[in-house]
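FYI, the numbering just counts along the sequence from 1. A quick note: this is a predicted structure, and the numbers were derived from the prediction, not measured.
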Amino acid sequence: MSSADSAAPSGRPALIDGKAIAATITDDIARRTASLGVKPGLAVVLVGDDGASAVYVSMKSKKAEALGFHSVQHTLLAATTEAELLAVVADLNADPAIHGILVQLPLPAHLDAAVVIAAIDPDKDVDGLSVTNAGRLAVGDPSAIVPCTPLGAMTLIGTVHGADLSGLEAVVIGRSRLVGLPMALLLQQANATVTIAHSRTRDLPAVARRADILVAAVGRAEMVKGDWIKPGATVIDVGTSRVPDASKASGQRLVGDIAFAEAGAAGAITPVPGGVGPMTIAMLMRNTLDAAARRAG
Ligand code: GUN
């Protein structure tokens, strides 16, 4: 079944319904959890009072609870010291009821994310951010825990193209450790021909126009314009930015990195919200369940 096959006859792109696909995946996770014999345990750690991070962390904790996981959330003050945060991570590493640890990024400026991530047991690093897991992914080691957003994006791409991307050109805009870099590796391992573009790329629109699969992971509202999109391309929008919108009660609207209203040439596209976002959470749950299953043998 593909959730991307409902292309409107007007020539508008098919919407890739990440919310529906994520729901199918989490239904499966709930079934597997019920028969596993141990409760997968997920700990999410939030430092400081960034509003968007608080919303994301709460969504992750709630989803874990809804799936029957052991779900704990540590909310620490913005002034938390590195030593205090490392002590929380060490406790979670040692806790046999916890199989997955996620420290929400970004951290307050006085904390070094690399130091904190390095302290997480790689077997519990369900974000896939550790050097160990990044290295495993880079060399194609199947024991890698893969970062959730690229894993979710690949699943969405699979609904359109299947698992083998031979002969397709993929362009990833963005080179972050959380999304752009692992995304490019996964696309390449699926046999796509991959370009990583970024802020120093010359003639970014021309590079983007080569893409049969275009992944935008920059975090700049509607940066990718309609004429950057090759006709028929599959467009994956990882960005989420809030822009002013007087017509909304909140005075704000969520938009992606793609100028969605201009993207009529695309063959298929993920909406924001309701595209990649729900898949990220579903994949976090799957990574945690898999970590628990590995621990249980
Ligand atoms: N901040 C935004 N997305 C993520 C994510 O996937 N993991 C973590 N740890 N922090 C994030």
Side-chain angles (χ1 to χ4, degrees), residues 16 18 52-53 56 102-107 113-114 117 125-141 144-158 160-161 165 168-225 228-230 233-241 255-260 263 266 269-270 272 275-281 283-284 287:
I16 304 174
S53 288
Y56 294 139
L102 179 146
V103 177
Q104 185 70 17
L105 303 176
L107 289 170
I117 290 162
D125 166 34
V126 284
D127 247 342
L129 286 175
S130 62
V131 168
T132 302
N133 281 310
R136 285 175 181 156
L137 174 62
V139 299
D141 179 338
I145 302 179
V146 180
C148 307
T149 298
L151 199 54
M154 281 304 287
T155 305
L156 297 181
I157 290 166
V160 180
H161 296 281
L165 307 179
L168 296 174
E169 289 246 13
V171 174
V172 180
I173 309 178
R175 52 181 163 176
S176 71
R177 190 157 150 190
L178 197 56
V179 185
L181 218 48
M183 187 77 226
L185 287 166
L186 291 171
L187 286 161
Q188 175 264 122
Q189 287 166 10
N191 301 317
T193 302
V194 183
T195 302
I196 304 178
H198 46 75
S199 54
R200 305 295 174 90
T201 298
R202 177 154 39 92
D203 200 352
L204 187 52
V207 173
R209 268 193 294 273
R210 294 210 304 260
D212 302 300
I213 298 167
L214 180 62
V215 180
V218 199
R220 286 183 55 192
E222 303 188 318
M223 182 187 92
V224 176
K225 305 303 177 198
W228 297 26
I229 297 172
K230 178 178 177 175
T234 297
V235 179
I236 305 294
D237 193 347
V238 179
T240 48
S241 306
V255 299
D257 288 346
I258 310 285
F260 187 85
I269 187 168
T270 59
V272 175
V276 173
M279 294 297 289
T280 296
I281 296 182
M283 292 302 154
L284 175 64
N287 280 351

(request) Using the test side chain to side chain contact (heavy atoms under 4.5 Å, CB included), find all partners of A134 that sit at least two apart in sequence or belong to another chain. (result) none
(request) Would you give the length of the straight line joining atom CD1 of I213 to atom CE of M154, rounded to the nearest 0.5 angstrom? (result) 7.5 Å
(message) Tell me the closest heavy-atom pair linking V272 and V255, and the distance in Å.
(response) CG1-C, 3.7 Å
(request) Identify the heavy atoms of L186 and L151 that sit nearest to each other, and give their distance. (result) CD1-N, 4.1 Å
(message) Checking side chain to side chain donor-acceptor pair (under 3.5 Å) between S130 and each of D127, T132, N133, which is the one that passes?
(response) N133
(request) Please assess H161 against D212 for the test side chain to side chain contact (heavy atoms under 4.5 Å, CB included), listing each intermediate value before the final yes or no. (result) CA-CA 10 Å; H161 296 281; D212 302 300; 5.5 Å; no
(request) Heavy atoms only: give me the nearest A144-R136 pair and the separation to one decimal. (result) CB-CB, 3.4 Å
(request) Report the distance from atom CG of L181 to atom NE2 of H198, rounding to the nearest 0.5 Å. (result) 10.5 Å
(request) Side-chain contact test, heavy atoms from C-beta onward, threshold under 4.5 Å: evaluate it for V238 versus M183 and give yes or no. (result) no
(message) To the closest 0.5 Å, what do you measure between OG1 (T240) and OH (Y56)?
(response) 3.5 Å
(request) Would you give the length of the straight line joining atom CD1 of I16 to atom CD1 of I236, rounded to the nearest 0.5 angstrom? (result) 4.0 Å
(request) Not counting sequence neighbours, which residues clear salt bridge (charged side-chain N to carboxylate O under 4.0 Å, His left out) with E222? List them please. (result) none
(request) Measure the shortest side-chain to side-chain distance between D203 and P205 over non-hydrogen atoms and say whether it is less than 4.5 angstrom. (result) yes
(request) Could you walk me through whether T193 and R210 pass side chain to side chain contact (heavy atoms under 4.5 Å, CB included), step by step? (result) CA-CA 11 Å; T193 302; R210 294 210 304 260; over 6 Å; no
(request) Give a yes or no on whether the backbone of V179 and the side-chain of S176 come within a donor-acceptor separation of less than 3.5 Å. (result) yes
(request) Work out which heavy atom in T270 is nearest to a heavy atom in G275; give both atom names and the distance. (result) CB-CA, 4.1 Å
(message) Under the side-chain hydrogen bond (donor to acceptor under 3.5 Å, both in side chains) definition, can you give me all pairs with a residue in residues 177-189, not counting sequence neighbours?
(response) none
(request) Check whether any side-chain heavy atom of D237 sits under 4.5 Å from a side-chain heavy atom of V224, and report yes or no. (result) no
(message) I need the L137 CG to L185 CG distance, nearest 0.5 Å.
(response) 5.0 Å
(message) Is there a side-chain contact between R175 and R200 in this structure, where contact means two heavy atoms from C-beta onward sitting under 4.5 Å apart?
(response) yes
(request) Please report the closest heavy-atom contact between P278 and G18, naming both atoms and the distance. (result) CB-O, 4.0 Å
(request) Please confirm whether the backbone N or O of V146 pairs with a side-chain atom of N287, one donor and one acceptor, at under 3.5 Å? (result) yes
(request) Determine, step by step, whether F260 and I269 satisfy the side chain to side chain contact (heavy atoms under 4.5 Å, CB included) criterion, reporting the C-alpha distance in whole Å, the side-chain angles of both residues, the deciding distance to 0.1 Å, and the verdict. (result) CA-CA 9 Å; F260 187 85; I269 187 168; 3.7 Å; yes
(request) List the steps and the verdict of side chain to side chain contact (heavy atoms under 4.5 Å, CB included) for I117 and V103. (result) CA-CA 8 Å; I117 290 162; V103 177; 6.0 Å; no
(message) Using 0.5 Å steps for rounding, measure from the CG atom of L107 to the CG atom of L105.
(response) 5.5 Å
(request) Please report the closest heavy-atom contact between L178 and P182, naming both atoms and the distance. (result) O-CG, 3.7 Å
